[in-house]
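Computed from a prediction, not measured in an experiment: that's the story for all the values here. Protein chains get the first letters and strands the later ones, always in sequence-line order, with residue 1 at the start of each.
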Amino acid sequence: MADTSWPRSPSRRRWSMDRTSWPLPCGTFSANLGATMAYVRASQYLLPTWKEDPADADIPSHRLMLRAGMIRPLAAGIYTYLPLAWRALRKIEAIIREEMDAIGGCEIHMPMVHPAELWAKTGRLLDFGPQLVRFRDRAGRDMVLGPTHEEVVTDLARREIQSWRQLPLMLYQIQTKFRDEPRSRGGLVRVREFTMKDAYSFHESFEDLDRYYPQVYQAYLNIFRRCGLAPLPVEADPGLMGGSGSHEFMLLNEHGEDTLVQCERGDYAANREGAVAVKDADEGERERPLEKVATPNCYTIDAVASFLGVPKRKTAKAVFYRGKGELVFVVIRGDLEVNETKLARAVGTTDLAPATEADIAAVGAVPGYASPIGIRGDGVKVVVDDSIPKARNLVAGANREGWHLRNVNFPRDFSADIVADVAMARDGDRCPRCGGTLRVKRGIELGHIFKLGTKYSEALGATFLDREGRPRPLIMGCYGIGTGRLLAAVIERHHDDQGIIWPASVAPFHVFVAVLNPDRPDHATFAVRVAECLDRAGLEVLVDDRERTAGEKFHDAKLLGIPVLVVIGPRALAQGEVDLERRRDGARRKVPAEPDALAHGVYDLLRAESS
RNA sequence: CGGAGAGUAGCGCAGCCUGGUCAGCGCGCAUGGUUCGGGACCAUGAGGUCGGCGGUUCGAAUCCGCCCUCUCCGACCA
């Protein structure tokens with residue numbers, strides 16, 4: 001039972017009903033109603049900190065969130081948020097709500113369970129693949145767990161938006177989503193069940209979407225800045241439906257789940273999936289006649305290049321995929337790799353899969369010695385990377401086991417259905433903007449904004465009457481932020497080897513009051529006065545009144561990373577002073593043990609914190 | 001889905017090769033006492049179907065088979 005020297009925690013005055021005045025069955029329950037409390041007592045809170053590092057957490061945010069008692073795993077990529085994490089998450093959500101409301105967002109809440117039929121209409125029941133969790137309800141209806149909400153929100157818009165006078169409109173929600181990721185990793189960085197702020201805007205014209213999109217872009221920067229993060233906006237893959245733009249906000253981080261390309265001079269940054277690099281031409285080299293050469297046991301580019309003594313960039317590589325029911329035959333310079341995202345866009349399909357040897361043989365090509373020269377034309381689409389037209393006198397397969405061709409040139413020796421950039425940008429490549437050096441980096445994708453266009457409104461028949469009275473499909477944008485991932489990213493960015501260092505804006509509490517001798521009534525009484533006065537000053541306070549040694553409390557204070565530590569102990573109290581310590585830099589100061597001085601001292605440290 | 005690793009008390013781990021005093025250690029937890037400003041100390045104690053199922057054996061945490069789960073790397077990621 002709680003000791004009697006502590007008064008019950010009082011309710012906040014600003015609540016219209018004083019909940020502690022209700023006849024509660026047991027006094028201790030009132031202390032657990034966190035939201036109504038003026039301050040929180042650690043002894044009556046769920047704060048399961050660990051002294052030792054967990055065995056299977058490798059990245060800092062994951063390790064620290066487990067150690068600080070913020071999250072606990074339930075299954076792979078599925079976590080419970082404990083009180084500390086939930087408080088921080090609510091701070092993040094509050095910032096997001098303010099910024100979304102500021103650009104005209106209307107918060108709604110959509111269902112998590114959707115009829116599969118809706119997803120069938122947009123084709124994504126198939127496109128989404130096994131990440132989309134499906135099940136049947138008791139009546140046998142096919143349902144899915146929502147991995148995102150374009151379908152549902154567009155269905156809503158179809159029903160509710162009839163006129164251009166209702167536009168533009170921006171709807172958003174903060175909601176749980178489920179994607180059965182093939183691989184969750186890194187704690188909250190990449191999970192299967194996650195909370196996401198997803199927003200959708202509706203416009204009468206592309207011009208209006210183009211006007212609105214930069215506002216969202218700016219709102220996103222505001223959100224991340226207020227959370228203490230400065231992500232790099234990068235150009236993202238605009239996807240099959242075109243649209244005129246998409247950006248991701250990437251926090252550079254070695255543990256990131258995503259890969260991006262950035263120019264050292266800083267004028268170009270793109271997701272690796274869409275990154276473009278300059279491809280050099282073989283300037284001034286004359287085309288030489290085709291020549292057949294024996295190349296026994298040379299099934300790879302490496303083998304051919306070393307056998308013939310030519311650099312890999314003087315070879316042409318054949319790569320095969322299946323897509324849209326036909327074979328996709330990609331010809332690319334031997335030193336480059338195929339970027340499947342770019343390829344899918346070039347071909348105009350969403351489903352590309354590596355081809356089997358039988359697929360390859362069916363069009364007359366020989367695996368290992370495949371060549372675009374002399375293959376059968378029907379049922380095969382030849383995609384030539386734009387590195388090939390710029391190159392001269394390449395070594396390519398001869399479609400005959402053990403033989404290659406020298407001096408292959410495009411378009412002299414073979415033709416293409418499509419010539420496009422389908423190559424993966426590499427570290428060290430040259431920037432398409434300035435010719436500078438490109439670097440491949442890891443990052444955490446904090447947010448993604450996207451000009452959707454009419455993909456969903458057309459598929460679902462969401463039309464409105466324009467100013468001339470003609471029905472037209474709604475023009476849409478969509479904008480997402482993974483809130484749990486953002487929380488993890490804040491910790492990735494703000495920690496040291498001793499624990500988390502919260503930015504004050506998202507800290508679960510502002511002040512950590514360590515009561516070194518909670519069993520001494522005078523100390524306990526004083527701690528309550530301190531907590532109450534800090535509360536009245538508008539600060540959120542966690543009072544560590546647990547029966548622990550001083551050392552443990554100091555270590556936990558570091559681990560939890562609450563911005564300001566107030567130490568209530570005999571040494572300071574004897575002098576009528578309390579010690580304050582700032583988490584970020586360890587700066588300490590003593591202030592008189594009376595309310596105003598204390599609150600001012602804490603605010604001073606917090607102010608310097610945020611500057 | 002490929003590659004690698006791991007499941008033994010709440011957490012971190014040893015034991016496994018070589019089957020039989022191997023159900024153990026540290027932390028944590030409970031009780032009592034001493035401490036009390038930077039992860040204290042003493043004493044006592046609770047807590048485990050050794051991931052599951054099957055097999056080998058007189059006997060299995062230990063050997064064999066199948067399965068499950070988790071972590072990391074890769075593939076994948078509107």
For the P atoms, the ones on B/rG15 and on B/rC72, what distance do you get once it is rounded to whole angstrom?
24 Å
Quick check for you: among B/rG12, B/rG39, B/rC77, whose closest atom lies nearest to any side-chain atom of A/Glu273?
B/rC77
Can you tell me, in whole Å, how much space there is between the P of B/rC58 and that of B/rA14?
33 Å
B/rG45 to B/rC53 separation - P atoms, rounded to the nearest Å:
32 Å
In whole angstrom, what separates A/Glu181's CD from B/rG74's C1'?
15 Å
Within 45 degrees of the ring normal and closer than 6.0 Å to the centroid, is that where the cationic atom of A/Arg72 sits relative to A/Trp50?
yes
Taking the inter-plane angle between the rings of A/Trp86 and A/Tyr81 on a 0 to 90° scale, is it parallel (under 30°), tilted (30 to 60°) or perpendicular (over 60°)?
perpendicular
I want to verify a distance call: between B/rC11, B/rA78, B/rG12, whose nearest atom is closest to the A/Trp50 side chain?
B/rC11
How many Å lie between CZ on A/Arg185 and C1' on B/rU71, as a whole number?
12 Å
Which of B/rC70, B/rG38, B/rA78 is nearest the side chain of A/Phe554? It is B/rG38
Checking A/Glu248 against A/Ser246: is there a side-chain donor and acceptor pair closer than 3.5 Å?
no
Base of B/rC36 paired with side chain of A/Arg548 (donor-acceptor, under 3.5 Å):
no
Pick base, sugar-phosphate or nothing for A/Gly187, based on heavy-atom distances below 4.0 Å to the nucleic acid.
nothing
Provide the Watson-Crick or G-U wobble partner of B/rC58, both distances under 3.5 Å; none if there is no partner.
B/rG20
Just verifying a value: how many Å separate A/Glu193 CD and A/Met112 CE, rounded to the nearest 0.5 Å?
5.5 Å
Nearest to the side chain of A/Glu552, which nucleotide is it out of B/rC36, B/rG74, B/rG39?
B/rG39
Integer angstrom distance from the C1' of B/rC16 to that of B/rU62:
4 Å
Given B/rA75, B/rC13, B/rG38, which nucleotide is nearest the side-chain atoms of A/Pro182?
B/rA75
Spacing of A/Leu559 atom CG relative to B/rG38 atom P, expressed in whole Å
19 Å
Residue whose nearest RNA chain B nucleotide is more 5′ - A/Gly77 or A/Gly480
A/Gly77
Rounded to whole Å, how long is the line connecting atom CD of A/Glu547 with atom P of B/rU31?
11 Å
Tell me the interatomic distance from A/Lys558, atom NZ, to B/rG38, atom P, rounded to whole angstroms.
11 Å
Could you check which nucleotide pairs with B/rC66 in any of the strands shown, counting Watson-Crick or G-U wobble with both distances under 3.5 Å?
B/rG52
May I ask you to say what A/Gln131 touches in the nucleic acid, namely base, sugar-phosphate or nothing, with a heavy-atom cut-off under 4.0 Å?
sugar-phosphate
Are A/Glu337 and A/Lys317 side-chain neighbours, meaning at least one heavy-atom pair lies under 4.5 Å?
yes
Proximity to the side chain of A/Asp556 - top-ranked nucleotide from B/rG39, B/rU71, B/rA78
B/rG39
Within the structure shown, what part of the strands sits under 4.0 Å from A/Glu445 by heavy-atom distance: base, sugar-phosphate, or nothing?
nothing
Please give the distance between the P atoms of B/rC68 and B/rG52 as a whole number of Å.
15 Å
When rounded to the nearest Å, what value does the distance between C1' atoms of B/rG28 and B/rA40 take?
15 Å
Under the salt bridge (Lys or Arg N to Asp or Glu O under 4.0 Å) test against A/Glu151, which residue among A/Lys455, A/Arg124, A/Arg158, A/Lys121 passes?
A/Arg124
Separation of B/rC77 P from A/Phe450 CZ (nearest whole Å):
14 Å
Tell me yes or no: between the side chains of A/His448 and A/Tyr479, is some donor less than 3.5 Å from an acceptor?
no
For the P atoms, the ones on B/rG48 and on B/rU71, what distance do you get once it is rounded to whole angstrom?
26 Å
What is the separation between atom CZ on A/Arg192 and atom C1' on B/rU71, rounded to the nearest whole Å?
14 Å
Both A/Asp56 and A/Thr259 contact RNA chain B. Taking the nearest nucleotide for each, which residue is further toward the 5' end?
A/Asp56
Rounding to the closest angstrom, what is the interatomic distance between B/rG59 and B/rG19 at atom P?
15 Å
Sub-4.5 Å side-chain heavy-atom contact between A/Ile568 and A/Leu516
no
If you check the A/Lys51 side chain, which of B/rG39, B/rC76, B/rC36 turns out closest?
B/rG39
What's A/Pro570 touching, base or sugar-phosphate or nothing? Going by heavy atoms closer than 4.0 Å.
base
Only pairs with both distances under 3.5 Å count, Watson-Crick or wobble alike; so what is the partner of B/rG28 in this structure?
none
Using Watson-Crick or G-U wobble geometry with both distances under 3.5 Å, which nucleotide pairs with B/rC72?
B/rG3
Report the base-pairing partner of B/rA14 (Watson-Crick or G-U wobble, both distances below 3.5 angstrom), or none.
none
With sugar-phosphate meaning primed atoms plus P, OP1 and OP2, does A/Ala572 contact a base, only sugar-phosphate, or nothing at under 4.0 Å between heavy atoms?
base
Figure out the CD/C1' separation between A/Glu52 and B/rC29, and round it to whole Å.
14 Å
Can you find a donor-acceptor N/O pair under 3.5 angstrom joining the side chain of A/Arg67 to the base of B/rG28?
no
Just call it for A/Asp53: base, sugar-phosphate, or nothing, with non-hydrogen atoms closer than 4.0 Å on any strand.
sugar-phosphate
Given B/rA78, B/rC70, B/rG38, identify the nucleotide with an atom nearest to the side chain of A/Ala75.
B/rC70
With A/Arg485, the side-chain hydrogen bond (donor to acceptor under 3.5 Å, both in side chains) member among A/Glu445, A/Glu492, A/Glu257:
A/Glu257
Look at all strands and tell whether A/Glu581 reaches a base, only sugar-phosphate, or nothing, counting heavy atoms closer than 4.0 Å.
base
Taking a pair to mean Watson-Crick or G-U wobble geometry with both distances below 3.5 Å, B/rC41 pairs with B/rG33
Within the 4.0 Å heavy-atom criterion, would you say A/Asn517 contacts the bases, only the backbone, or no part of the nucleic acid?
base
So, is A/Thr148 close to the B/rA78 phosphate, meaning a side-chain N or O under 4.0 Å from OP1 or OP2?
no
Nearest to the A/Arg124 side chain among B/rA78, B/rC70, B/rC76, which nucleotide is it?
B/rA78
